[in-house]
Amino acid sequence: ILELYLNEIFLGTIVPGRNLHGIAAAALDYFGKSVHELTIHEAAYLAALPKGPNNYHPYRRTQQALARRNEIIGLMAQNGYITKEEAESERKLPLGVNPRSVSPNTANANYFAEEVRREISERYGEKKLYEGGLSVRTTLDPKMQAMARKALVDGLVRYDQARGWRGAKTRVELAGRDWGMAVAEVPALGDVQPWRLAVVLDTSGGRATIGLQPKRESSGQVSKDRETGLITAEGVRWTGRGVAAALNPGDVVYVERLEGAGNAYRLRQIPEVSGAIVAMDPYTGRVHAMVGGFSYDESEFNRATQAMRQPGSSFKPIVYSAALDNGYTPSSLVLDTPITIEAGPGQEAWTPTNYGGKAGGGPHTLRYGIEHSKNLMTVRLAKDVGMPLIAEYARRFGVYDDMLPVLPMSLGAGETTVMRMVTAYSMLDNGGRRIRPTLIDRIQDRNGETIYRHDTRKCIGCDADKWSGQDEPKLVDDSEQVLDPLTAYQIVSIMEGVVQRGTATILKEIGKPLAGKTGTTNDSKDAWFVGFSPDLAVGIYIGYDKPRSLGDSATGGGLAAPVARDFLKAALKDKPPTPFRVPPGIKLIRVNLASGTRAGGSEGGILEAFKPGTAPPDSYSAPASAQPAAPAAVPADADRAAQAGGLY
């Protein structure tokens, strides 16, 4: 009974927001130790807390806490648990409370941890979450999480700085008071290290003297130590102004130390733009890293799972998957010419355009349509395949639950989340098998019983007592096949072309096999990149929380793809350049990149992936051009045209 009591009782709050239940949690938070590491006086203090944690708070009621602790030490000696000499020496010691410092991994993973907390709360309720003694094993990879956060933050800062300096966070009055106490009163974001808050003390001689916000003691008191630094012309270069023009004494700003420059700092500002990044194992759905914004302290809104945004062109691979699954080949030809879609009575006709407003003026292969993100080709393709079928594929992949089957949706006009898009692309990467994204591997109750496990695969032969020459155990994957594996590989091969020749060539410098697709929505309100290596899927979204244009020249390739490059370069650094797995049945045939026909001996061409019986014939020349006025025109040699894909 006593054990159950001590493992569940409320034992105070020393770090704001962390209510402590149980002796083990209290030992960690009060002293940064496990229970078996506690000294006599530390154990005695924890024994004092059940009577009333707030009555013996180590900072607010220090004397009462000491008196109660010493009383317990005396009782321990009286009852023979310790000697009188031990009691005397332990009574002389201070409380020694040393709150557990939050590790950098925790700060990096605030969005991840909160999503886990929310999921457990929804699954089991608040009482079981906080008092059930649950042991939760998550899918987080701390190193990858740090890489993802750095890549996203760097991308947001890059974009924000290009928009110019907006001014100081706030101002404080310095006359007649300690500048340290003045800047200590300004709330600082706790998860933007190595950035620090500082107050400008003086601007003269082409540089600014700054006072860094003093750290706080574990008791919450402001430290008496004072640190100063300098902001030189180098530190404000990105603003396009001089030091005196950008800063004034009393300005409170964020700064970051310049590497190798002593006590010189660079001026920083919190970005107005936001975004999210998710990295996932495409075979299991295990989320290795997730960042839902620039700073959790600034905004707890998780843009990876809660922000509903238009995916734009990053939705196109779903459209093309439906086409490839239903008679098209990567070399099928589709017209890249203007098209007008007639609406119902009383509604305006819709005339889509390509990015930049230019039509390609003729037929191009499906591969070209994705590599260069052609809207006109995609709309024609969707019109031919049929939007009800594409809506079904969107549901299968989990991008939308109930997509409206209208043609603008083929260009990603619906709203979805980064998590959903990364999950959908993972299914393309893994050969078309359904996965469920998860942040939790396993949950055990206080008795060690597993009450939740994400991996539901059956293991045949895993329960054998010993090896007696039998076959090795087998994991049986009975997950649903949502897409033909041959189709999945075809779309992967095409999206490799996006990195090699298309809108995401910035990722080529990583030097590993990569595939993906950029996305940019109307008025450039959202910039996306979703892609993958053979064993890691990643998705990035950048945009303002209250949607507005990111700028006329803003694209997924220019904003989101560099974030993916920075992340994947770090995440895949020590991984071998494994090629994408080619499923049995795929025929790799060298074709002309422009026409999709078989490449002659002297032509370079590319290796294209075909299903059995769909390869282009040995001799067929695609029409050099097609008239925009006759989009349905079919070459005279219709049978051969059909084999090569035909015109739509």
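One is the number of the first residue; the rest follow in order along the sequence. Values below: every heavy atom of this structure, side chains too, minus hydrogens, waters and symmetry copies. It should be emphasised that the depicted structure is a prediction, and the values quoted were computed from it without experimental measurement.
- Atom CZ of R207 is surrounded by 12 or fewer heavy atoms from other residues, nucleotides or ligands within 6.0 Å.
- Here the shortest heavy-atom pairing between M280 and S426 reads SD-OG, 3.5 Å.
- Here the side chain of Y328 pairs no donor or acceptor atom with the backbone of L381 at under 3.5 angstrom.
- Closest approach of A279 to F567, counting heavy atoms only: CB-CZ, 3.6 Å.
- Cation-pi contact between R303 and F301: absent, since separation from the ring centre below 6.0 Å together with deviation from the ring axis within 45° is not met.
- Heavy atoms of other residues, nucleotides or ligands lying less than 6.0 angstrom from CD of E509 number more than 12.
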Worksheet item: Passes salt bridge (Lys or Arg N to Asp or Glu O under 4.0 Å), R501 versus E496? Steps please.
Response: CA-CA 9 Å; R501 293 171 295 278; E496 275 192 278; over 6 Å; no
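- The stretch residues 272-283 participates, sequence neighbours left out, in these salt bridge (Lys or Arg N to Asp or Glu O under 4.0 Å) pairs: R166-E272, E272-R548.
- Under the 30°/60° scheme for interplanar angles, the aromatic rings of W528 and Y541 are found to be tilted.
- Taking both residues in full, the closest heavy atoms of L428 and P317 are given as CD1-CB, 4.3 Å, listed atom of the first, atom of the second, then distance.
- Relative orientation of the Y368 and H364 rings is parallel, given thresholds of 30° and 60° on the angle between their planes.
- More than 12 heavy atoms of other residues, nucleotides or ligands lie within 6.0 Å of NZ in K169, so this atom counts as buried by the packing criterion.
- The shortest distance between side-chain heavy atoms of L536 and K512 does not fall below 4.5 Å.
- At distances below 3.5 Å, at least one donor-acceptor pair connects side-chain atoms of Q193 with backbone N or O atoms of G190.
- Aromatic ring orientation, W195 versus F294: tilted (interplanar angle from 30° to 60°).
- Judged by distance alone, the side chain of T139 and the main-chain N or O of V287 form a donor-acceptor pair under 3.5 Å.
- By the 4.5 Å heavy-atom criterion applied to side chains, P249 and T203 are counted as neighbours.
- Side-chain atoms of R396 come within 3.5 Å of backbone N or O of V482 as a donor-acceptor pair.
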